[in-house]
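Before any comments, here is the structure.
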Amino acid sequence: MQNSPNPPVKNKGIYLLPNLFTTAGLFSGFYAVISSMNGHFESAAIAIFIAMICDGLDGRVARLTNTQSDFGAEYDSLADMVSFGMAPAILAYNWALQDLGKIGWLAAFIYCACAALRLARFNTQVGVADKRYFQGLASPAAAALIAGSIWSGSKYELDPTDINYLAALITALTGLLMVSNFRYHSFKEVDWRGKVNFVVMLLLVGVFVIISVEPAIILCLGFYIYALSGPVITIKAIKKLKVAHIVGDELNKTETQQHSTIDDINSTDSSDSSDSSDSSDSSDSSDSTNEKKES
(Lines give C-alpha, C1' and ligand atoms only; values in the text may rest on other atoms or scores of the structure.)
Protein backbone atom coordinates (compact mmCIF):
# COMPACT_ATOMS: atom_id res chain seq x y z
CA MET A 1 0.00 0.00 0.00
CA GLN A 2 1.49 3.31 -1.08
CA ASN A 3 1.49 6.27 1.22
CA SER A 4 -0.50 9.26 -0.04
CA PRO A 5 1.71 12.25 -0.81
CA ASN A 6 1.70 15.05 1.73
CA PRO A 7 -0.43 18.03 0.72
CA PRO A 8 1.63 21.03 -0.37
CA VAL A 9 2.21 23.59 2.35
CA LYS A 10 0.90 27.00 1.35
CA ASN A 11 3.43 29.79 1.64
CA LYS A 12 2.18 32.25 4.24
CA GLY A 13 4.79 34.92 3.54
CA ILE A 14 4.10 38.26 1.85
CA TYR A 15 5.92 39.89 -1.02
CA LEU A 16 8.30 42.57 0.20
CA LEU A 17 8.80 44.95 -2.72
CA PRO A 18 5.22 46.00 -3.63
CA ASN A 19 4.13 46.11 0.01
CA LEU A 20 7.15 48.29 0.77
CA PHE A 21 5.77 50.96 -1.55
CA THR A 22 2.32 50.53 0.02
CA THR A 23 3.82 51.04 3.48
CA ALA A 24 5.63 54.15 2.26
CA GLY A 25 2.32 55.54 0.98
CA LEU A 26 0.62 54.73 4.28
CA PHE A 27 3.43 56.46 6.17
CA SER A 28 3.08 59.56 3.97
CA GLY A 29 -0.68 59.69 4.58
CA PHE A 30 -0.23 59.34 8.34
CA TYR A 31 2.49 62.01 8.28
CA ALA A 32 0.07 64.32 6.45
CA VAL A 33 -2.46 63.90 9.27
CA ILE A 34 0.13 64.69 11.97
CA SER A 35 1.52 67.67 10.03
CA SER A 36 -1.93 69.18 9.54
CA MET A 37 -2.66 68.82 13.25
CA ASN A 38 0.55 70.73 14.00
CA GLY A 39 -0.28 73.48 11.51
CA HIS A 40 2.26 72.47 8.84
CA PHE A 41 -0.24 72.46 6.01
CA GLU A 42 2.21 72.75 3.13
CA SER A 43 4.20 69.75 4.32
CA ALA A 44 0.98 67.79 4.80
CA ALA A 45 -0.14 68.53 1.23
CA ILE A 46 3.23 67.48 -0.20
CA ALA A 47 3.07 64.25 1.81
CA ILE A 48 -0.27 63.39 0.16
CA PHE A 49 1.33 63.82 -3.26
CA ILE A 50 4.16 61.50 -2.18
CA ALA A 51 1.57 58.96 -1.07
CA MET A 52 -0.04 59.27 -4.51
CA ILE A 53 3.29 58.44 -6.20
CA CYS A 54 3.80 55.42 -3.94
CA ASP A 55 0.27 54.23 -4.66
CA GLY A 56 0.94 54.40 -8.38
CA LEU A 57 4.16 52.42 -8.04
CA ASP A 58 3.10 49.52 -5.81
CA GLY A 59 0.60 48.05 -8.24
CA ARG A 60 2.86 48.45 -11.28
CA VAL A 61 5.82 46.96 -9.43
CA ALA A 62 3.68 44.00 -8.39
CA ARG A 63 2.58 43.39 -11.98
CA LEU A 64 6.05 43.82 -13.45
CA THR A 65 7.63 41.46 -10.90
CA ASN A 66 4.66 39.04 -10.85
CA THR A 67 4.20 39.52 -7.09
CA GLN A 68 0.45 40.22 -6.96
CA SER A 69 -1.39 38.79 -3.97
CA ASP A 70 -4.73 39.10 -2.20
CA PHE A 71 -2.91 40.41 0.86
CA GLY A 72 -1.30 43.17 -1.19
CA ALA A 73 -4.63 44.18 -2.71
CA GLU A 74 -6.33 44.44 0.69
CA TYR A 75 -3.37 46.21 2.25
CA ASP A 76 -3.28 48.72 -0.61
CA SER A 77 -7.01 49.46 -0.22
CA LEU A 78 -6.67 50.12 3.52
CA ALA A 79 -3.62 52.32 2.96
CA ASP A 80 -5.53 54.29 0.33
CA MET A 81 -8.31 54.93 2.83
CA VAL A 82 -5.81 56.54 5.19
CA SER A 83 -3.81 58.46 2.57
CA PHE A 84 -6.64 59.56 0.26
CA GLY A 85 -9.65 59.43 2.57
CA MET A 86 -8.75 60.42 6.11
CA ALA A 87 -5.66 62.55 5.44
CA PRO A 88 -7.25 65.00 2.92
CA ALA A 89 -10.42 65.30 5.01
CA ILE A 90 -8.50 66.12 8.20
CA LEU A 91 -6.16 68.43 6.28
CA ALA A 92 -9.08 70.37 4.83
CA TYR A 93 -10.78 70.57 8.23
CA ASN A 94 -7.69 71.79 10.05
CA TRP A 95 -6.88 74.35 7.35
CA ALA A 96 -10.21 76.02 6.61
CA LEU A 97 -13.24 74.14 7.91
CA GLN A 98 -12.92 74.08 11.68
CA ASP A 99 -14.21 77.65 12.06
CA LEU A 100 -17.47 76.65 10.35
CA GLY A 101 -18.50 74.34 13.18
CA LYS A 102 -20.93 71.61 12.17
CA ILE A 103 -20.87 72.60 8.49
CA GLY A 104 -17.10 72.23 8.42
CA TRP A 105 -16.80 68.77 9.92
CA LEU A 106 -19.82 67.52 7.96
CA ALA A 107 -18.16 68.59 4.70
CA ALA A 108 -14.99 66.75 5.75
CA PHE A 109 -17.03 63.69 6.72
CA ILE A 110 -18.81 63.67 3.35
CA TYR A 111 -15.45 63.53 1.63
CA CYS A 112 -14.15 60.79 3.93
CA ALA A 113 -17.28 58.64 3.60
CA CYS A 114 -17.34 59.02 -0.18
CA ALA A 115 -13.70 57.96 -0.36
CA ALA A 116 -14.54 54.77 1.56
CA LEU A 117 -17.52 54.08 -0.71
CA ARG A 118 -15.41 54.76 -3.81
CA LEU A 119 -12.75 52.26 -2.72
CA ALA A 120 -15.34 49.63 -1.81
CA ARG A 121 -17.08 50.01 -5.18
CA PHE A 122 -13.78 49.82 -7.04
CA ASN A 123 -12.80 46.60 -5.25
CA THR A 124 -16.10 44.95 -6.18
CA GLN A 125 -15.76 45.92 -9.86
CA VAL A 126 -12.27 44.54 -10.48
CA GLY A 127 -12.36 42.45 -13.64
CA VAL A 128 -15.86 43.69 -14.58
CA ALA A 129 -15.65 47.42 -15.31
CA ASP A 130 -14.08 48.91 -18.43
CA LYS A 131 -10.39 49.37 -17.65
CA ARG A 132 -10.09 52.37 -19.93
CA TYR A 133 -12.25 54.48 -17.61
CA PHE A 134 -12.81 55.01 -13.91
CA GLN A 135 -16.38 55.16 -12.64
CA GLY A 136 -16.21 58.32 -10.61
CA LEU A 137 -13.18 60.39 -9.69
CA ALA A 138 -10.37 58.19 -8.39
CA SER A 139 -9.52 58.73 -4.73
CA PRO A 140 -5.83 59.65 -5.38
CA ALA A 141 -6.92 62.33 -7.86
CA ALA A 142 -9.52 63.65 -5.40
CA ALA A 143 -6.91 63.79 -2.65
CA ALA A 144 -4.49 65.57 -5.01
CA LEU A 145 -7.17 68.17 -5.79
CA ILE A 146 -7.68 68.93 -2.08
CA ALA A 147 -3.96 68.82 -1.31
CA GLY A 148 -3.07 70.99 -4.32
CA SER A 149 -5.59 73.63 -3.30
CA ILE A 150 -4.29 73.80 0.27
CA TRP A 151 -0.66 73.70 -0.89
CA SER A 152 -1.30 76.70 -3.17
CA GLY A 153 -3.22 78.58 -0.47
CA SER A 154 -0.53 77.97 2.17
CA LYS A 155 2.33 78.87 -0.15
CA TYR A 156 0.81 82.21 -1.12
CA GLU A 157 -0.41 82.89 2.45
CA LEU A 158 -4.09 82.92 1.59
CA ASP A 159 -6.29 83.46 4.64
CA PRO A 160 -8.48 80.32 4.87
CA THR A 161 -11.17 82.15 6.85
CA ASP A 162 -11.93 84.24 3.75
CA ILE A 163 -12.77 81.16 1.68
CA ASN A 164 -13.93 78.65 4.29
CA TYR A 165 -17.39 78.26 2.75
CA LEU A 166 -15.84 77.79 -0.69
CA ALA A 167 -13.44 75.23 0.79
CA ALA A 168 -16.34 73.34 2.36
CA LEU A 169 -18.18 73.30 -0.98
CA ILE A 170 -15.12 72.07 -2.89
CA THR A 171 -14.42 69.38 -0.27
CA ALA A 172 -17.97 68.04 -0.36
CA LEU A 173 -18.27 68.20 -4.16
CA THR A 174 -14.94 66.41 -4.59
CA GLY A 175 -16.23 63.61 -2.38
CA LEU A 176 -19.45 63.37 -4.36
CA LEU A 177 -17.50 63.16 -7.63
CA MET A 178 -15.82 60.02 -6.29
CA VAL A 179 -19.16 58.18 -5.95
CA SER A 180 -20.62 59.54 -9.19
CA ASN A 181 -20.99 57.67 -12.48
CA PHE A 182 -18.96 60.19 -14.44
CA ARG A 183 -16.33 58.49 -16.59
CA TYR A 184 -12.69 59.46 -16.15
CA HIS A 185 -9.79 58.30 -18.28
CA SER A 186 -7.72 55.75 -16.34
CA PHE A 187 -4.70 55.84 -18.73
CA LYS A 188 -4.34 52.09 -18.15
CA GLU A 189 -4.24 51.47 -21.89
CA VAL A 190 -0.83 53.16 -22.06
CA ASP A 191 1.92 50.60 -22.72
CA TRP A 192 4.60 51.63 -20.24
CA ARG A 193 6.95 48.90 -21.43
CA GLY A 194 6.63 49.76 -25.11
CA LYS A 195 8.85 51.98 -27.24
CA VAL A 196 7.99 55.61 -27.95
CA ASN A 197 9.17 58.29 -30.33
CA PHE A 198 12.06 60.55 -29.29
CA VAL A 199 9.68 63.53 -29.40
CA VAL A 200 7.60 61.94 -26.63
CA MET A 201 10.62 61.97 -24.34
CA LEU A 202 11.20 65.65 -25.10
CA LEU A 203 7.58 66.37 -24.24
CA LEU A 204 7.94 64.53 -20.93
CA VAL A 205 11.02 66.62 -20.11
CA GLY A 206 9.00 69.74 -20.90
CA VAL A 207 6.20 68.59 -18.58
CA PHE A 208 8.65 68.14 -15.69
CA VAL A 209 10.16 71.56 -16.35
CA ILE A 210 6.73 73.26 -16.37
CA ILE A 211 5.70 71.54 -13.12
CA SER A 212 8.98 72.48 -11.41
CA VAL A 213 8.42 76.19 -12.10
CA GLU A 214 5.33 76.41 -9.86
CA PRO A 215 4.51 72.88 -8.65
CA ALA A 216 1.68 73.91 -6.34
CA ILE A 217 -0.22 75.93 -8.93
CA ILE A 218 0.45 73.62 -11.90
CA LEU A 219 -0.54 70.45 -10.05
CA CYS A 220 -3.60 72.12 -8.57
CA LEU A 221 -4.81 73.34 -11.98
CA GLY A 222 -4.03 69.99 -13.57
CA PHE A 223 -6.18 68.03 -11.15
CA TYR A 224 -9.00 70.58 -11.33
CA ILE A 225 -9.05 70.10 -15.09
CA TYR A 226 -9.02 66.33 -14.65
CA ALA A 227 -11.90 66.52 -12.15
CA LEU A 228 -13.95 68.56 -14.62
CA SER A 229 -13.11 66.22 -17.52
CA GLY A 230 -15.37 63.48 -16.15
CA PRO A 231 -18.67 65.37 -16.51
CA VAL A 232 -17.56 66.71 -19.91
CA ILE A 233 -16.69 63.22 -21.24
CA THR A 234 -19.94 61.76 -19.93
CA ILE A 235 -22.17 64.52 -21.34
CA LYS A 236 -20.48 64.32 -24.75
CA ALA A 237 -20.88 60.54 -24.92
CA ILE A 238 -24.65 60.49 -24.29
CA LYS A 239 -27.62 61.98 -26.11
CA LYS A 240 -29.78 62.75 -23.07
CA LEU A 241 -28.49 63.20 -19.53
CA LYS A 242 -30.30 61.13 -16.92
CA VAL A 243 -29.95 60.80 -13.17
CA ALA A 244 -28.43 57.35 -13.68
CA HIS A 245 -25.58 58.93 -15.63
CA ILE A 246 -24.64 60.90 -12.51
CA VAL A 247 -25.20 58.42 -9.70
CA GLY A 248 -26.53 54.87 -9.34
CA ASP A 249 -25.60 51.29 -10.24
CA GLU A 250 -28.14 50.15 -12.83
CA LEU A 251 -26.62 52.21 -15.63
CA ASN A 252 -23.17 50.85 -14.94
CA LYS A 253 -24.47 47.28 -15.20
CA THR A 254 -26.11 48.04 -18.54
CA GLU A 255 -22.99 49.68 -19.90
CA THR A 256 -20.87 46.75 -18.75
CA GLN A 257 -23.15 44.30 -20.54
CA GLN A 258 -23.04 46.41 -23.69
CA HIS A 259 -19.25 46.55 -23.63
CA SER A 260 -19.02 42.79 -23.12
CA THR A 261 -21.48 42.19 -25.96
CA ILE A 262 -19.47 44.42 -28.29
CA ASP A 263 -16.27 42.62 -27.33
CA ASP A 264 -17.92 39.25 -27.99
CA ILE A 265 -19.08 40.43 -31.40
CA ASN A 266 -15.61 41.70 -32.27
CA SER A 267 -13.98 38.49 -31.13
CA THR A 268 -16.51 36.46 -33.12
CA ASP A 269 -15.89 38.55 -36.23
CA SER A 270 -12.14 38.17 -35.88
CA SER A 271 -12.42 34.41 -35.40
CA ASP A 272 -14.78 34.14 -38.39
CA SER A 273 -12.40 36.14 -40.54
CA SER A 274 -9.47 33.98 -39.46
CA ASP A 275 -11.48 30.82 -40.14
CA SER A 276 -12.50 32.07 -43.57
CA SER A 277 -8.92 33.00 -44.41
CA ASP A 278 -7.73 29.60 -43.26
CA SER A 279 -10.40 27.84 -45.34
CA SER A 280 -9.58 29.95 -48.40
CA ASP A 281 -5.89 29.16 -48.00
CA SER A 282 -6.62 25.46 -47.70
CA SER A 283 -8.93 25.53 -50.73
CA ASP A 284 -6.30 27.35 -52.77
CA SER A 285 -3.67 24.80 -51.79
CA SER A 286 -5.98 21.91 -52.65
CA ASP A 287 -6.78 23.47 -56.05
CA SER A 288 -3.10 23.86 -56.83
CA THR A 289 -2.48 20.24 -55.83
CA ASN A 290 -5.27 19.02 -58.10
CA GLU A 291 -3.88 21.06 -61.02
CA LYS A 292 -0.46 19.46 -60.51
CA LYS A 293 -2.00 15.98 -60.52
CA GLU A 294 -3.96 16.66 -63.72
CA SER A 295 -0.86 17.98 -65.45
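Owing to the predicted nature of the structure, the values given are computational and were not obtained by experimental measurement.
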Roughly how far, to the nearest 0.5 Å, is [atom2] of [Y] from [atom1] of [X]?
{"X": "Ile217", "Y": "Leu221", "atom1": "CD1", "atom2": "CG", "answer": "6.5 Å"}
{"X": "Met178", "Y": "Leu173", "atom1": "CE", "atom2": "CG", "answer": "11.5 Å"}
{"X": "Ile53", "Y": "Phe21", "atom1": "CD1", "atom2": "CZ", "answer": "11.0 Å"}
{"X": "Asn123", "Y": "Glu74", "atom1": "CG", "atom2": "CD", "answer": "6.5 Å"}
{"X": "Leu145", "Y": "Cys220", "atom1": "CG", "atom2": "SG", "answer": "6.5 Å"}
{"X": "Ile163", "Y": "Leu169", "atom1": "CD1", "atom2": "CG", "answer": "11.5 Å"}

Quick check against the 3.5 Å criterion: does [X] have a side-chain atom that pairs as donor or acceptor with the backbone of [Y]?
{"X": "Ser152", "Y": "Ala216", "result": "yes"}
{"X": "Thr234", "Y": "Arg183", "result": "yes"}
{"X": "Asp76", "Y": "Gly72", "result": "no"}
{"X": "Asn197", "Y": "Val199", "result": "yes"}
{"X": "Ser212", "Y": "Val209", "result": "yes"}

Give the cluster check for Leu177 versus Ile48: same hydrophobic cluster or not, with ILVMFWY residues linked at side-chain heavy-atom distances below 4.5 Å. yes
If two hydrophobic side chains count as joined below 4.5 Å and joins carry through other members, does Ile150 share a cluster with Leu158? yes
Taking C-beta and beyond as the side chain, do [X] and [Y] meet within less than 4.5 Å on heavy atoms?
{"X": "Ile218", "Y": "Val213", "value": "no"}
{"X": "Phe223", "Y": "Met52", "value": "yes"}
{"X": "Leu17", "Y": "Thr67", "value": "no"}
{"X": "Phe49", "Y": "Trp151", "value": "yes"}

Less than 3.5 Å apart, any donor N or O on the side chain of [X] or [Y] sitting next to an acceptor on the other?
{"X": "Tyr224", "Y": "Ser149", "value": "yes"}
{"X": "Asp99", "Y": "Thr161", "value": "no"}
{"X": "Asp80", "Y": "Ser139", "value": "no"}

Give the C-alpha distance, both sets of side-chain angles, the deciding distance and a yes or no for side-chain contact (heavy atoms from CB on, under 4.5 Å) between Phe182 and Ile233. CA-CA 8 Å; Phe182 293 131; Ile233 292 173; over 6 Å; no
Which is it for Thr23 and Tyr75 under the side-chain contact (heavy atoms from CB on, under 4.5 Å) test, yes or no, and what are the steps along the way? CA-CA 9 Å; Thr23 305; Tyr75 184 33; 2.8 Å; yes
Quick one, Asn19 with Phe71, criterion side-chain contact (heavy atoms from CB on, under 4.5 Å). Give me CA distance, side-chain angles, the key distance, then yes/no. CA-CA 9 Å; Asn19 291 298; Phe71 175 86; 4.0 Å; yes
Can you name the closest pair of heavy atoms from Thr174 and Ala142 and give their distance? CG2-CB, 3.6 Å
Closest contact, heavy atoms only, His185 versus Phe134: O-CD1, 4.1 Å
Can you establish whether the number of heavy atoms outside [X] located under 6.0 Å from its atom [atom1] is more than 12?
{"X": "Tyr165", "atom1": "OH", "value": "no"}
{"X": "Phe208", "atom1": "CZ", "value": "no"}
{"X": "Asp159", "atom1": "CG", "value": "yes"}
{"X": "Met81", "atom1": "CE", "value": "yes"}

Evaluate the ring-ring contact (aromatic ring centres under 6.0 Å, His included) criterion for residues Tyr184 and Tyr133: first the C-alpha distance (whole Å), next the side-chain angles of each, then the deciding distance (0.1 Å), finally the verdict. CA-CA 5 Å; Tyr184 289 88; Tyr133 298 95; 9.8 Å; no
Name each donor-acceptor pair under 3.5 Å that joins a side chain in residues 100-120 to protein atoms two or more places apart or in another chain, with its distance.
unit_1, atom_1, unit_2, atom_2, d
Tyr111, OH, Phe84, O, 3.0
Tyr111, OH, Ala143, N, 3.2
Arg118, NE, Leu137, O, 3.1

Side-chain donor-acceptor contacts of residues 87-95 below 3.5 Å, not counting sequence neighbours, with atom names and distances?
unit_1, atom_1, unit_2, atom_2, d
Asn94, ND2, Ser36, OG, 3.2
Asn94, ND2, Ile90, O, 3.2

Per-pair distances, 0.1 Å, donor-acceptor, side chain in residues 25-34, under 3.5 Å, sequence neighbours excluded:
unit_1, atom_1, unit_2, atom_2, d
Ser28, OG, Ala24, O, 3.0

